[in-house]
Amino acid sequence: LDANTVGTIRSGALRDLELSGNLSLRDNGIATVEDGAFATLRAANLDLSGNSLARIVGGAFRDIKLSATLDLSDNTQPITAIESHAFAGTEVDKLDVRGSSIGRLEAHALSGLVHSDETVELQGLGLSFVGSGALSNLTRADGSAFARVDLSDNAIATVEEGAFATLRAADLDLSGN
């Protein structure tokens, strides 16, 4: 479904979809992914790169299971915020947001995300705000600590109390903010 004119993914539109391969919706101009749009999706990769997401609402990627990457990279518009619990119950090998501009990680934005890769890369996104518990309950699939959580080279002016509560990492990089 690449390079079409899909602007919105409605709630439940792809609910319970099971694919052995990839679901690619890149370069569509998608501006809105509603709560539960991909609920219980099972696939290898979900590619939403090169779209126009303005905001990632709570529950947008709730309870999806991907054996590889959730790709939100190279978004053509600034994402003003990732709202609370946007990824609750979601399991991915890697969350890719490279080349996107994200203003705010709201309270509990990444809470409940299970991430297999040993590094969480959130550097150079233009982040200005990290809300309370934004990275709380962000865990590795095997239960071990992350080797690195990288929030360097953003514009973080505010980090609320408890933003990193329960996060287990060998290295948390906040340099260049």
Side-chain angles (χ1 to χ4, degrees), residues 6-17 23 25-26 28 30-43 45-66 68-117 119-141 146 149-151 154 156 158-160 162-167:
V6 176
T8 299
I9 307 293
R10 300 262 181 235
S11 181
L14 299 165
R15 177 183 301 280
D16 299 326
L17 180 63
L23 176 57
L25 294 162
R26 70 176 179 252
N28 269 293
I30 296 170
T32 305
V33 175
E34 293 181 353
D35 179 4
F38 297 102
T40 67
L41 169 71
R42 305 291 183 266
N45 292 296
L46 174 56
D47 186 351
L48 289 166
S49 63
N51 280 292
S52 301
L53 295 170
R55 187 174 202 83
I56 298 177
V57 301
F61 299 102
R62 174 176 27 101
D63 296 324
I64 66 173
K65 309 282 187 267
L66 303 175
T69 302
L70 172 54
D71 190 346
L72 302 173
S73 66
D74 299 319
N75 200 60
T76 61
Q77 300 294 315
I79 298 171
T80 56
I82 297 178
E83 294 181 0
S84 295
H85 304 290
F87 301 98
T90 294
E91 295 178 18
V92 300
D93 183 56
K94 185 173 187 71
L95 174 63
D96 185 355
V97 291
R98 290 172 296 133
S100 292
S101 173
I102 301 172
R104 298 170 61 94
L105 288 179
E106 299 293 353
H108 304 286
L110 301 180
S111 183
L113 175 65
V114 178
H115 191 278
S116 297
D117 195 58
T119 303
V120 178
E121 299 174 8
L122 299 170
Q123 73 274 15
L125 301 175
L127 282 169
S128 62
F129 176 85
V130 181
S132 176
L135 284 92
S136 67
N137 297 318
L138 171 64
T139 59
R140 290 216 43 220
F146 290 101
V149 176
D150 190 347
L151 289 153
N154 282 291
I156 299 172
T158 303
V159 176
E160 288 190 336
F164 306 106
T166 72
L167 177 67

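Looking only at side-chain heavy atoms (C-beta outward), Phe61 and Leu46 come within less than 4.5 Å of each other. Using a 4.5 Å heavy-atom threshold, the side chains of Leu25 and Leu14 count as touching. Contact of the Glu34 side chain with the Thr8 side chain is registered, since non-hydrogen atoms from C-beta on lie closer than 4.5 Å. The closest side-chain heavy-atom distance from Phe38 to Leu23 is below 4.5 Å.
Taken to the nearest 0.5 Å, the OG atom of Ser73 stands 6.5 Å off from the CG atom of Asp47. The CZ atom of Arg15 sits 6.0 Å away from atom CZ of Arg62, with the distance rounded to the nearest 0.5 Å. Note that CG of Leu48 is 11.0 Å distant from CZ of Arg26, once rounded to the nearest 0.5 Å. A distance of 7.0 Å separates CG of Leu95 from CD1 of Ile82, quoted to the nearest 0.5 Å.
One finds no salt bridge joining Lys94 and Asp96 here, because no Lys/Arg side-chain nitrogen approaches an Asp/Glu carboxylate oxygen to under 4.0 Å.
Every residue two or more places apart in sequence or in another chain was checked for a salt bridge (charged side-chain N to carboxylate O under 4.0 Å, His left out) with Asp63, and none qualifies.
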- Message: Please determine whether side chain to side chain contact (heavy atoms under 4.5 Å, CB included) holds for the pair Leu122 and Leu110, giving the CA-CA distance in whole Å, both sets of side-chain angles, and the decisive distance to 0.1 Å.
- Response: CA-CA 11 Å; Leu122 299 170; Leu110 301 180; 4.0 Å; yes

- Give the C-alpha distance, both sets of side-chain angles, the deciding distance and a yes or no for side chain to side chain contact (heavy atoms under 4.5 Å, CB included) between Ile56 and Leu72. CA-CA 10 Å; Ile56 298 177; Leu72 302 173; 3.8 Å; yes

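Residue Gly58 comes nearest to Glu83 through the heavy atom pair N-OE1, 3.2 Å, listed as atom of the first residue, atom of the second, then distance. Contact between Arg104 and Ser128 at its shortest, heavy atoms only, is CG-OG, 4.4 Å. What you find for Thr76 and Gly50 is that their closest heavy atoms are CG2-O, 3.9 Å.
No side-chain N or O of Asp71 forms a donor-acceptor pair with one of Thr69 less than 3.5 Å apart. In summary, the side chains of Thr80 and Arg55 do present a donor paired with an acceptor at a separation below 3.5 Å, with no hydrogens or angles considered. Side-chain atoms of Thr40 and Asp16 include a donor-acceptor pair closer than 3.5 Å.
Within a 6.0 Å radius of CZ in Arg98, no more than 12 heavy atoms belonging to other residues, nucleotides or ligands are found.
Partner of Phe146 under the side chain to side chain contact (heavy atoms under 4.5 Å, CB included) criterion, chosen from Val120, Thr119, Asp117: Val120. When each of Leu125, Leu53, Val97 is tested with Ile79 by the rule side chain to side chain contact (heavy atoms under 4.5 Å, CB included), just one qualifies, namely Leu53.
Between the Ser11 side chain and the Asp35 main chain, a donor and an acceptor come within less than 3.5 Å of each other. Under a 3.5 Å cut-off, the side chain of Asn45 and the backbone N or O of Ala68 do not form any donor-acceptor pair. Of the possible donor and acceptor atoms, one in the side chain of Arg140 sits under 3.5 Å from a partner among the backbone N and O of Ser116. Side chain of Ser100 to main chain of Asn75: a donor-acceptor pair is present (N/O by atom type, distance under 3.5 Å, no hydrogens or angles).
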Cut-off 3.5 Å, no hydrogens considered: what does the side-chain donor-acceptor table look like for residues 129-137, sequence neighbours left out?
unit_1: Ser132; atom_1: OG; unit_2: Glu161; atom_2: O; d: 3.1
unit_1: Ser136; atom_1: OG; unit_2: His108; atom_2: ND1; d: 3.4
unit_1: Ser136; atom_1: OG; unit_2: Gly133; atom_2: O; d: 2.8

